[in-house]
Amino acid sequence: MDSAETTIFRALDAFRVEIPSWGFANTGTRFGKFTQLAAAATTEEKFSDAAQVHRVTGVCPTVALHVLWDFPEGVNSAKNIAGLAARYGMQPGSINPNLFQDQIYKHGSFGNPDPEIRKQALQHTIDSIEIANKLHSRDISMWFADGSNYPGTANIRRRKKWFEGALRETHNRLYSNQRLLVEYKPFEPAFYHTDIADWGMAMHLAQTAGPQAKVLVDTGHHYQSQNIEQIVAWLLSEQMLGGFHFNDRRYADDDLTIGSIDPYQVFRIFHEILYYEWETGSPADIAYMIDQSHNLKGKIEETIQTVTVAQQLFVKAALVNHEALSQAQDRCDLIAAESLLQDAFNTDVRPAIQQWRDSKGLPRDPLKAFLESGYLQRITKERSARNAQILSSYA
Ligand code: RM4
Ligand code: MN
Ligand code: MN
């Protein structure tokens with residue numbers, strides 16, 4: 001093996017991606033849903049589909065779960081989920097409280113002016129911590145739809161204080177092995193202000209909450225052309241980067257397949273992380289998760305495509321010669337420094353990844369292996385009658 005191959009193998013050995021349970025269910029846009037006959041409707045089906053992705057890729061052992069969607073009986077559903085995970089050879093991953101779907105959250109959860117609703121939101125979060133503990137999940141991942149649509153309608157400073165208080169109380173309830181991840185988003189569903197609009201606000205809240213709280217970067221949650229890798233570099237430098245929700249976007253929070261629009265962006269993010277690890281000599285403790293809405297492409301196929309592309313971009317970033325880059329930066333040799341990134345990005349890493357898969361007894365082409373397995377035909381048959389009945393209108 002030459003040194004590039006060794007680097008690639010090492011990078012792949014270390015790289016794991018968490019896939020979301022909701023990525024296998026029928027989802028849509030605010031204009032409606034196009035239902036897919038093979039989509040999962042139960043948590044059991046989601047685990048079964050996720051297990052297929054792991055079977056052919058070997059790098060997706062955990063499934064992110066949404067509390068309202070996957071735990072209809074709250075903490076009491078945990079046992080059932082543990083059983084399903086074991087049956088399908090998967091592990092429960094991050095636990096995502098759902099503080100946006102219930103009717104009470106019309107004007108917010110932790111930021112709601114009604115103390116009774118804030119209390120209920122906190123209770124749901126505490127229940128989610130219990131769920132995570134029962135399932136041995138480490139990360140409780142918080143995303144809030146809180147915000148307002150019109151100027152003057154919300155007291156921004158008071159809401160900030162309520163968030164600080166509730167997140168501190170949440171942190172107090174964490175078990176010692178757990179982490180609290182705070183996700184930010186500048187728009188949608190609120191279109192005037194959101195209570196956690198950017199990484200600075202998320203970092204402030206995480207730091208106020210306590211040492212086990214970190215920031216989660218969802219790549220779709222930025223304004224057009226924002227420099228995400230700089231945010232990543234700053235969070236790394238502050239030891240505040242906890243995880244990612246990967247997806248790609250062209251206009252807003254489009255939740256498209258990773259790397260489909262701008263693969264160089266994902267490469268640059270991975271590069272900042274690997275450069276940090278090289279410089280500090282210690283691995284960054286980051287959860288790589290996918291948060292996409294597969295509403296047109298086949299769900300299992302798109303998830304496999306996602307994982308394959310993520311591996312390629314991670315490996316390309318690992319090929320950057322850090323020593324040479326650091327020296328070029330010190331010399332202010334701009335062309336040499338930039339070329340090191342470009343050369344790595346332009347390397348065709350697919351043959352080496354196939355060799356790595358061979359060495360692990362995994363199929364060289366995960367998507368082909370899945371399509372040839374007969375699984376898709378089987379579930380399409382089993383689920384189509386039910387899925388065809390599902391209401392697809394949003395109104
Ligand atoms: C949000 C955000 C959250 C996800 C919800 C459904 O835009 O990305 O992580 O849980 O969507
Ligand atoms: Mn997200
Ligand atoms: Mn999102």
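Sequence positions, counted from 1, serve as the residue numbers for this chain. Note that ligands are numbered from 1 as they come in the structure, with each ligand's atoms numbered from 1 the same way. None of these values were measured; they are calculated from a predicted model.
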Determine, using the 4.5 Å side-chain heavy-atom cutoff (strictly less than), whether Leu167 and Ile156 are members of one ILVMFWY cluster. no

Ligand-residue contact atoms, ligand 1 with Lys185, heavy atoms, under 4.0 Å: 7 (O)

Glu44 and Arg87: CA distance, side-chain angles, deciding distance, salt bridge (Lys or Arg N to Asp or Glu O under 4.0 Å) verdict: CA-CA 9 Å; Glu44 168 147 20; Arg87 185 172 324 149; 3.0 Å; yes

Would you mind listing which atoms of ligand 1 come within a distance below 4.0 Å of any non-hydrogen atom of Asp218? 8 (O)

Where's the contact between Asp253 and ligand 1, heavy-atom distance under 4.0 Å: side chain, backbone, both or neither? side chain

Write the atom name of the N, O or S atom in Glu183 that is nearest the Mn ion (ligand 2). OE2

Smallest separation among heavy atoms of Glu5 and Ala352, with atom names: CG-CB, 4.4 Å

Donor on one side chain, acceptor on other, Gln342 and Asn346, under 3.5 Å: no

Hydrophobic cluster membership, Trp22 vs Leu216, 4.5 Å side-chain cutoff: no

What closest approach, in Å, do Asp291 and Asn247 show between heavy atoms, and which atom pair accounts for it? O-ND2, 2.9 Å

Those atoms of ligand 1 less than 4.0 Å from some heavy atom in Asp291: 2 (C), 3 (C), 4 (C), 8 (O), 9 (O)

Here the atoms of ligand 1 under 4.0 Å from any heavy atom belonging to His245 are 9 (O)

Find all atoms of ligand 1 within a distance of less than 4.0 Å from any non-hydrogen atom belonging to His221, and give their numbers and elements. 2 (C), 7 (O), 8 (O)

Quick one: does Glu183 get an N or O within less than 3.5 Å of an N or O on ligand 1? yes

Per-atom contacts, ligand 1 versus His66 - under 4.0 Å to a heavy atom: 10 (O)

Applying the 4.5 Å side-chain criterion to the ILVMFWY set and letting contacts propagate, would Val215 and Phe144 be lumped into a single cluster? yes

Leaving waters out, which protein N, O or S atoms fall under 2.8 Å from the Mn ion (ligand 3)? His221 NE2, Asp253 OD2

Do His124 and Tyr105 have side-chain atoms, one donor and one acceptor, less than 3.5 Å apart? no

Under a 4.0 Å heavy-atom limit, does Glu188 contact ligand 1 with its side chain, its backbone, both, or neither? neither

So, applying salt bridge (Lys or Arg N to Asp or Glu O under 4.0 Å) with Asp49, which one of Arg55, Arg383, Arg378, Lys299 is it? Arg383

Decide whether Phe47 and Leu68 are clustered together by the hydrophobic rule: side chain heavy atoms of Ile, Leu, Val, Met, Phe, Trp, Tyr closer than 4.5 Å, transitively. no

Taking the six-membered ring of Tyr251 as reference, does the cationic atom of Arg249 (NZ for Lys, CZ for Arg) lie under 6.0 Å from its centre and within 45° of its axis? no

